[in-house]
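Comments concern the structure below.
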Amino acid sequence: MPTSRTAALYSPELLALAIELADFPFDPQAPVTGEARSRSCGSTIALSSACPDRIERLGLRVSACAVGQASAAIFGREAADMTSETLAATLEELRIWLRSERDSTLLPRLELLEPARPHAGRHEAILLPWKAALDALSNPRSAG
């Protein structure tokens, strides 16, 4: 049974999400950047945005496992125009989802991360994009 669970964790659909990250090129010159790092696995995500109060023209630089990459791709498709408040609320809902038996209806395609729920070591990687976004919006650079 562990073999089938491992195979389900790295499904072709989950692995295919990594390709979508190319749609979100990181801009080191963006007025808003942030980072998050997983203490458990060492994965990192850097995020850039063109706007200091919401996600706009998102850029991502992801160094993470396939689960972290998939989460970043899901985030990339859903994060446009999210504010700090929306990001924080979604992050909290994701934490609850990871610890519970709730359905994965919070975000489109979240069901692709469903097999990672029993793997607590992957939870941090799933939450990284949301944490990087909150870091970015809480630390905008001054223009000029």
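Asp81 places none of its side-chain heavy atoms less than 4.5 Å from the side chain of Thr86. Side-chain contact between Ile74 and Leu17 is present, with at least one heavy-atom pair separated by less than 4.5 Å. Residues Val62 and Phe24 are not in side-chain contact: their nearest non-hydrogen atoms beyond the backbone lie 4.5 Å or more apart.
Taking every heavy atom of both residues into account, Ala133 and Ile55 meet most closely at CB-CD1, 4.1 Å. The shortest non-hydrogen separation linking Ala136 to Val32 is O-CG1, 3.1 Å. The nearest pair of heavy atoms linking Cys65 to Ser43 is N-OG, 3.7 Å. Closest heavy-atom contact between Ala64 and Gln69: O-NE2, 2.8 Å. Listed here is the closest heavy atom pair of Ala66 and Leu15: CB-CD2, 3.6 Å. The two residues Pro115 and Leu112 come nearest to each other via the heavy atoms CD-O, 3.5 Å.
In this structure, Ser104 OG and Glu111 CD are separated by 5.0 Å, a value rounded to the nearest 0.5 Å. With rounding to the nearest 0.5 Å, the separation of OG1 in Thr33 from CG in Leu47 is 8.5 Å. Of the inter-residue distances, the one linking Ile45 atom CD1 with Arg37 atom CZ reads 12.5 Å to the nearest 0.5 angstrom. Atoms OG and CD, on Ser100 and Glu93 in that order, are 9.0 Å from each other to the nearest 0.5 Å. Here the CG atom belonging to Leu113 is positioned 6.0 Å from the CG atom belonging to Leu14, to the nearest 0.5 angstrom. Between atom CG of residue Leu58 and atom OG of residue Ser49 there is a gap of 7.0 Å, rounded to the nearest 0.5 Å.
For Glu35, the salt bridge (Lys or Arg N to Asp or Glu O under 4.0 Å) criterion is met by no residue, not counting sequence neighbours.
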Donor-acceptor list for residues 121-131 side chains, cut-off 3.5 Å, not counting sequence neighbours:
residue: Arg122; atom: NE; partner: Tyr10; partner atom: OH; Å: 3.2
residue: Arg122; atom: NH2; partner: Tyr10; partner atom: OH; Å: 2.8
residue: His123; atom: NE2; partner: Arg117; partner atom: O; Å: 2.7
residue: Glu124; atom: OE1; partner: Lys131; partner atom: NZ; Å: 3.2
residue: Glu124; atom: OE2; partner: Lys131; partner atom: NZ; Å: 2.7

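Listed for the Ser71 side chain is no donor-acceptor partner under 3.5 Å among the backbone atoms of Val67. Here the side chain of Asp103 pairs no donor or acceptor atom with the backbone of Thr105 at under 3.5 angstrom.
Looking at Glu85 and Arg54, no side-chain N of the basic residue comes within less than 4.0 Å of a carboxylate O on the acidic one, giving no salt bridge. Ion pairing between Arg77 and Asp23 holds under the 4.0 Å rule for side-chain N and carboxylate O.
With respect to Arg109, the salt bridge (Lys or Arg N to Asp or Glu O under 4.0 Å) criterion is satisfied by exactly one of Glu13, Glu20, Glu114: Glu20.
Connection of Met82 to Ile96 is not established within any shared hydrophobic cluster, with ILVMFWY side chains joined at heavy-atom distances below 4.5 Å, either directly or through further cluster members.
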